[in-house]
Amino acid sequence: MRFFTNIRPSITLPLLGILLLGVLVLTYCYSSFSEMKNKDVRILEVLGLCQQDPVNFRRENWSCRTRDMLSPQGLLYKQPSVLKGRTNVLTVTPWLAPIVWEGTFNPLIVDSIYKPMHLSIATTVFAVGKYVRFLRDFLETAEKHFMVDFKVHYYIFTDRREDVPAVVLAPGRNVTIIPVPGSNRWQEISSRRMEMIQTTIENQIGKEADYIFCLDVDTKFHGRWGAETLSRLVATIHPGYYEQTHEHYPYERRLASRAYIPAGEGDYYYGGATIAGYVGDVHKLAKYCREQLEADAANSIEATWQEESHLNRYLLYNKPTKILSPEYLWQDFKAKTNEVQIIRFSQVNKNYAEVRPNVKKRK
Ligand code: UD2
């Protein structure tokens, strides 16, 4: 104070102002720093579980809201055996991810663990052009079988808002319609899904959901699809190739494409119709596929099966943490096989030439 009393009042006031400003700036810097520090602590807490690059993770920290696997006391169920189980199919990959088949899980236990978690499940589905006709069956059967008793938010991407059917949804489930442009190339519609999934996660889904499923619309659910399908990065074995070895897979074999997979490499052939996982992990996958699709387009090349080819390359080098058997992705034109004890979700038969803006090609 003495210091100020010795100074003329015309200097004191501006000096006080500068001091006040300094204090404000320091306070602001300190609070921003603490906020960053807290964020880092949270990131580090989950890093053990998520093993993501901390730099990327800061941007994608929607992905890891893990919960304890609490099982209620007093729940009675058939004791699991370490000796008996499915023998005619592989139920775990060589990198120890489960492959989900009927008989590998007990729905009672799975539901008792996951339902109390109150998870939010985002589900994206594209219905562009004539594909809007598949929406009613998709939604009606999903309401019967898909993540029943969970909060499900359907994101319907369409250029035909007026044709989206009004389907009665169970409590806690809702629909958002996202307008997208049409196209006269089906390959473009199918591929562009990656870009839209990426940006919708950034703008909306990332703030709302714990898990995301990205599903084809020309499909129907026929049986339970529940919390046994939840994991960090989930892929589904394509029903057309599960009995074959990788030299017969329709991988992209041209070196010029970013989806290229060299001969001799491969695990399973995954279908583009179902991708799922933590929101952050699916965001990373969608962003990767989008970037590769764009790089290919800039080089005037289109991978054999568009985004599905890039997806297969991604999943070869970024192993999924859970794999769904072809029970979770069948095709109506295929006869059921012995391994598939139940068909839960299936691609309906469609007249490709009639529904697609530009014709044909079929696996
Ligand atoms: C396969 C994949 C599909 C995708 C495609 C390659 C399976 C069972 N399906 O199916 O996921 O990887 O190959 O690009 O693995 N769509 C429209 N309007 C159109 C065209 C497509 O909305 O005019 C959307 C719609 O959500 C459809 C999806 O894109 O379900 C995939 O297109 P598709 O079903 O015609 O592709 P398909 O049968 O070759």
Side-chain angles (χ1 to χ4, degrees), residues 123-139 141-142 154-161 163-164 177-197 200 213-221 234-242 249-252 257 259 268-276 282 285-286 289-290 292-293 296-297 302-315 323-334 343-363:
T123 302
T124 64
V125 65
F126 286 73
V128 180
K130 290 182 181 171
Y131 278 59
V132 76
R133 70 178 60 170
F134 299 114
L135 259 180
R136 179 177 292 283
D137 280 349
F138 173 87
L139 289 170
T141 58
Y154 299 99
Y155 292 84
I156 299 176
F157 297 76
T158 186
D159 57 340
R160 299 192 181 187
R161 187 186 195 100
D163 294 333
V164 173
I177 299 175
I178 301 186
V180 292
S183 167
N184 48 21
R185 284 192 76 239
W186 69 267
Q187 295 92 331
E188 192 184 309
I189 297 170
S190 187
S191 296
R192 232 196 294 127
R193 292 186 290 175
M194 290 297 173
E195 176 193 339
M196 290 170 196
I197 290 167
T200 312
F213 287 86
C214 307
L215 304 174
D216 270 14
V217 73
D218 53 321
T219 51
K220 278 191 208 175
F221 292 85
V234 183
T236 310
I237 296 177
H238 194 294
Y241 303 98
Y242 78 95
Y249 294 166
Y251 281 158
E252 175 54 64
S257 167
Y268 309 108
Y269 189 77
Y270 303 106
T274 58
I275 306 161
V282 173
L285 179 155
C289 289
R290 178 219 180 146
Q292 307 312 306
L293 284 156
D296 271 5
E302 185 174 82
T304 323
W305 281 103
Q306 300 80 38
E307 86 297 343
E308 190 179 82
S309 302
H310 295 283
L311 172 79
N312 270 278
R313 184 181 157 95
Y314 183 85
L315 293 170
I323 291 187
L324 306 183
S325 71
E327 291 172 8
Y328 291 85
L329 179 57
W330 200 246
Q331 288 167 314
D332 281 357
F333 64 82
K334 274 177 76 76
I343 294 171
R344 304 171 189 278
F345 182 66
S346 177
Q347 192 183 33
V348 300
N349 289 328
K350 62 182 187 269
N351 179 345
Y352 281 80
E354 204 263 318
V355 289
R356 281 177 169 172
N358 57 321
V359 215
K360 59 172 196 248
K361 215 154 132 187
R362 168 166 187 167
K363 277 183 231 185

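One-based numbering, in listed order, for ligands and for the atoms of each. As the structure is a prediction and not an experimental result, all values here were calculated from the model. Heavy-atom basis, side chains included; hydrogens, waters and symmetry copies ignored.
With ligand atoms numbered from 1 in the order given, ligand 1 contributes 27 (C), 30 (O), 34 (O) to contacts under 4.0 Å with heavy atoms of Asp218. Per-residue contacts place Arg356 under 4.0 angstrom from the following atoms of ligand 1 (heavy atoms of the residue considered): 33 (P), 35 (O), 36 (O), 37 (P), 38 (O), 39 (O). Those atoms of ligand 1 that come under 4.0 Å of a heavy atom in His238, given as number and element, are 15 (O). Close contacts between ligand 1 and Lys350 involve ligand atoms 33 (P), 34 (O), 35 (O), 38 (O) [criterion: under 4.0 Å to a heavy atom]. Within ligand 1, counting atoms from 1 as listed, the ones closer than 4.0 Å to a heavy atom of Val217 are 25 (C), 26 (O), 30 (O). Atoms of ligand 1 found under 4.0 Å from any heavy atom of Gly271, numbered from 1 in the order shown, are 15 (O). Numbered from 1 in the order shown, with element, the atoms of ligand 1 that lie under 4.0 Å from a heavy atom of Gly272 read 11 (O), 12 (O), 15 (O). Atoms of ligand 1 lying under 4.0 Å from at least one heavy atom of Ala127, given by number and element, are 22 (O).
To the nearest 0.5 Å, atoms NZ (Lys220) and CG (Leu139) are separated by 13.0 Å. A distance of 8.0 Å separates CH2 in Trp186 from OG in Ser191, rounded to the nearest 0.5 Å. Atom CD of residue Gln306 and atom CD of residue Glu188 lie 11.0 Å apart, to the nearest 0.5 angstrom. One finds the OH atom of Tyr242 at 12.0 Å from the CG atom of Leu329 (value rounded to the nearest 0.5 Å).
Note: an N/O pair closer than 3.5 Å links Phe126 and ligand 1 by distance alone. Polar contact with ligand 1: absent for Val355 (N/O pair, distance under 3.5 Å). Geometrically, ligand 1 and Leu215 share no nitrogen or oxygen pair separated by less than 3.5 Å.
Checked options Asp218, Asp216, Asp137; the residue passing with Lys350 is Asp218 (criterion: salt bridge (charged side-chain N to carboxylate O under 4.0 Å, His left out)).
In this structure, of Gln331, Gln306, Glu188, the residue bringing a heavy atom nearest to atom 6 (C) of ligand 1 is Gln306. In this comparison of Val132, Asp159, Asp216, the heavy atom closest to atom 11 (O) of ligand 1 sits on Asp216. Considering only non-hydrogen atoms, atom 27 (C) of ligand 1 lies nearest to Tyr131 out of Tyr352, Tyr131, Phe157.
Contacts between Gln187 and ligand 1 below 4.0 angstrom, taking non-hydrogen atoms only, are absent altogether. At a heavy-atom distance under 4.0 Å, only side-chain atoms of Ile189, from C-beta outward, approach ligand 1. Using a 4.0 Å cut-off between heavy atoms, Lys130 makes no contact with ligand 1 at all. With a heavy-atom cut-off of 4.0 Å, Pro239 does not touch ligand 1 at all.
Listed for the Glu252 side chain is a donor-acceptor partner under 3.5 Å among the backbone atoms of Thr304. With hydrogens and angles disregarded, a donor-acceptor distance shorter than 3.5 Å links the side chain of Asn349 to the backbone of Phe333.
Between Phe221 and Phe345, the angle of the ring planes lies from 30° to 60°, which puts this pair in the tilted group. Below 30°, between 30° and 60°, or above 60°: for Tyr269 and Tyr251 the angle between ring planes is between 30° and 60°, a tilted geometry.
Met196 places none of its side-chain heavy atoms less than 4.5 Å from the side chain of Ile178.
Contact analysis puts Pro357 in contact with ligand 1, with a non-hydrogen atom separation below 4.0 angstrom.
Judged as a salt bridge (Lys or Arg N to Asp or Glu O under 4.0 Å), and not counting sequence neighbours, Asp159 has no contacts. Taking Arg160 as the reference, Lys130, Val132, Thr158, Glu162, Asp163 meet the side chain to side chain contact (heavy atoms under 4.5 Å, CB included) condition, with sequence neighbours excluded.
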